[in-house]
2 protein chains.
Amino acid sequence: MEKQRKVTMQTVADEAGVSKATVSRAIGNYPDISDSTKKKIFEVMERLNYHPSAIARSLANRISKNVGLVLPADDDFFMNPFFQESLRGVAKTAGKRGYDTLIAYNGKNETNAIKRLVNSNKVDGVILMRSVIGDSTVNYLRDIEFPFILIGKSEEYDDIYTVDTDNVDACRKLTNHLVGLGCKKIGFIGGKRDSMVTTDRYDGYIQSIRENGLYFSDDMVEENEFNKLEGYMSMKKLLEANGDMDGVVITDSLIFSGAIDYLSSVCEEKDIIIGAFGAESNSFNKSKYKVVNIDVGSMKIGEFSCEKLIDILEKKDVDLTDIVDYKIEG
Amino acid sequence: MEKQRKVTMQTVADEAGVSKATVSRAIGNYPDISDSTKKKIFEVMERLNYHPSAIARSLANRISKNVGLVLPADDDFFMNPFFQESLRGVAKTAGKRGYDTLIAYNGKNETNAIKRLVNSNKVDGVILMRSVIGDSTVNYLRDIEFPFILIGKSEEYDDIYTVDTDNVDACRKLTNHLVGLGCKKIGFIGGKRDSMVTTDRYDGYIQSIRENGLYFSDDMVEENEFNKLEGYMSMKKLLEANGDMDGVVITDSLIFSGAIDYLSSVCEEKDIIIGAFGAESNSFNKSKYKVVNIDVGSMKIGEFSCEKLIDILEKKDVDLTDIVDYKIEG
DNA sequence: CTGAAAGCGCTTACAG
DNA sequence: CTGAAAGCGCTTACAG
């Protein structure tokens, strides 16, 4: 292949015998360009294999056509199917709408990563993949009025755009579901307490326990990091403290995975039903344990968030809050 | 917070009583700027909360400080721990070296996605996350001499930068390892045949079978998509066709996961040893089956590839081919 | 050690 | 329907 020198808009303009302005308008599909010039321009573009420089366009109209994301510093969250799936949803939707997805990483400090992204003009908007209690990133973005979507909900602001599952309700229904299946003593294993997801799901669990008048004590609750090993340990502790537990609600798929590993490893078979968020993300394995899966549609959440962000960027009307449906299966 | 109007390099220059050129040089840390002016400039930048526009810089010096990646169209590969882990490695390393990671998605056609990325000037180089046989993307990038790293190896070119595991050797050693553990009849489950990874690993497997003079027949080999369900089915078929199989080599962690699910689901306990690539990515679960894990260091591969790409971009000397170590465990 | 000026490749009022 | 010109916010020879 010939090494051709860069063909710019000027090259095209010259070749087509028009001005850069006209080429630019043709590309932007402005209405008031005659069809004949338009056609000629496109023909030349094709022939010269011209591709507009996204960078130059960005500088001129301050639109990068990139949506930003920050890569979580802790491996646990990154490796979590929820993150993966929603990331995929975001990237896919972005692609469909002509955007690319820019991932920033900045070690331990998420807010700094965001600041760098935003200040560099590299992105038009950002998506925050999770809601941490007292999150300074939300604060920052809101202050400077930079377009962003929060996946999850904010405890402090009700004037920001969010996409979320109704976690309280979902976990209440899930627990109720276990009750419906005959469980009398239901434990809870959740992720870190500083994530909104966990607190909401815990609240739903407690609501259900109360509604149903079930027994409850503090040693029926375990909270830990979002990973497998801790899921394993938590299940162990729970069962050691409560031999008669016949149900357990788990808020995360990695934790679930560890918990089921523990269960599989013990010799005597337990009569226990597990209700877990994202159980299906791990496996379609019908183990010897009854598993009730709750699917929050992580991919959908990602798609929705990205769709919404781009709608905002394109000045379309969107709702402040969107709640995505969940499904209980099993 | 005040809504301040955009502070540019000009603002800083004016405020510091110097020219834009000097500010630019101070930021770029040019040697021949006096310490006093440098100091003053930084002080002003700080005070004005100035952040250079990455876009403007990009346009001026044609360096985007972005590395590009294309999101695989098939969910299987995206959901594969290998992809996840190496993606993370890439993004992390990019971040450390001052780059961001741009993810393009373009439906079914990977080459088009790459073309768009490259032509838009949005990235300085790209990383191809997997090597497919007869990949036109490699062709394209090589033709236009655009900087890129291929994770895996190319069957057709030996003049491109690659980062890879010695898959033939790894799989041979793994199979040998099973032989060492007493296996006499070892099956093989691999991913799609059009991926270099699969063919290499298959070759290694066959080499070992030959070396050790083991029995072999075609129904001891299963090849399928890289996913759990197919791993499950493959294991089933393999065992139905070969009841006396006492070992199996599996090339992929998702496939492994499905296979082990099948094994757990059958009632009679099989006496079989499993050797699998990325078995540990799935679970630390010590199941009732003996599992030999082979860890190719996906994260390392990602880190390495990115490090190498950026080295190339920064005109450092790098080797054409890098082979990353693997570890056999168990 | 520092500045004036051209240039990177686009977009977009403004004018016709 | 189209063009000339200014501007987006930087970098970098060139000159001093």
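Throughout, protein chains are lettered first and strands after them, A, B, ... in sequence-line order, and every chain is numbered starting at 1. None of the values given here were measured: they were computed from a predicted structure.
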When K316(A), R97(A), K96(A), K92(A) are each screened for salt bridge (Lys or Arg N to Asp or Glu O under 4.0 Å) with E307(A), the one that passes is R97(A)

Does dC8(C) have its OP1 or OP2 closer than 4.0 Å to a side-chain nitrogen or oxygen of R62(B)?
no

d(CE, M9(B); C1', dT11(D)) in whole Å
8 Å

Give the rounded distance in Å between these two atoms: CG of N61(B) and P of dC10(D).
12 Å

With the side chain defined as heavy atoms from C-beta on, L59(B) is closest, among dG3(D), dA4(C), dG9(C), to dG9(C)

Any side-chain heavy atom of T162(A) sitting closer than 4.5 Å to one from Y157(A)?
no

Start at the 5' end of DNA chain C and walk down; is the nucleotide closest to S53(A) or to S34(B) reached first?
S34(B)

Which base sits across from dA13(C) as a Watson-Crick or G-U pair, both distances under 3.5 Å?
none

Provide, to the nearest angstrom, the distance between the CG atom belonging to N121(A) and the P atom belonging to dC8(C).
22 Å

Separation of the C1' atoms in dT12(D) and dG16(D), to the nearest angstrom:
16 Å

Rounded distance in Å - CD (Q10(B)) to C1' (dA6(D))
15 Å

Tell me: NZ of K40(A) to P of dC1(D), nearest whole Å?
14 Å

Which residues, if any, of residues 22-33 of chain A bring a heavy atom under 4.0 Å of DNA chain C?
S24(A), R25(A), Y30(A)

For dG9(D) and T8(B) - does any side-chain N or O of the residue sit under 4.0 Å from the phosphate oxygens OP1/OP2?
no

Under the salt bridge (Lys or Arg N to Asp or Glu O under 4.0 Å) test against E43(A), which residue among K40(A), K39(A), R47(A) passes?
R47(A)

Atom-to-atom span, CE of M45(B) to P of dG9(D) - whole angstrom
16 Å

Could you state the atom-to-atom distance from NZ of K65(A) to P of dC10(C) in whole Å?
16 Å

If you check every side-chain atom of R57(A), which of dA4(D), dC10(C), dT11(D) has the closest atom?
dC10(C)

For K38(A) and for K20(A), locate the closest nucleotide of DNA chain D by heavy-atom distance; then report the residue assigned to the nucleotide nearer the 5' terminus.
K38(A)

Should the pair D159(A)-R142(A) be classified as a salt bridge under the 4.0 Å nitrogen-to-oxygen rule?
yes

Partner nucleotide of dA4(C) by Watson-Crick or wobble geometry (both distances under 3.5 Å)
none

Within the structure provided, determine whether Q10(A) and V23(A) are in side-chain contact (heavy-atom separation under 4.5 Å).
no

Y50(B) has its side chain closest, among dC10(C), dG3(D), dC10(D), to dC10(D)

Any donor-acceptor pair under 3.5 Å linking the side-chain atoms of Y161(B) with those of D322(B)?
no

Would you classify T37(A) as touching base, sugar-phosphate or nothing, given that sugar-phosphate means primed atoms plus P, OP1 and OP2, and contacts are heavy atoms under 4.0 Å?
sugar-phosphate

Are R116(B) and D100(A) ion-paired here, with the side-chain N under 4.0 Å from a carboxylate O?
yes

Here the pair of heavy atoms bringing S86(B) nearest to F82(B) is OG-O, 2.7 Å

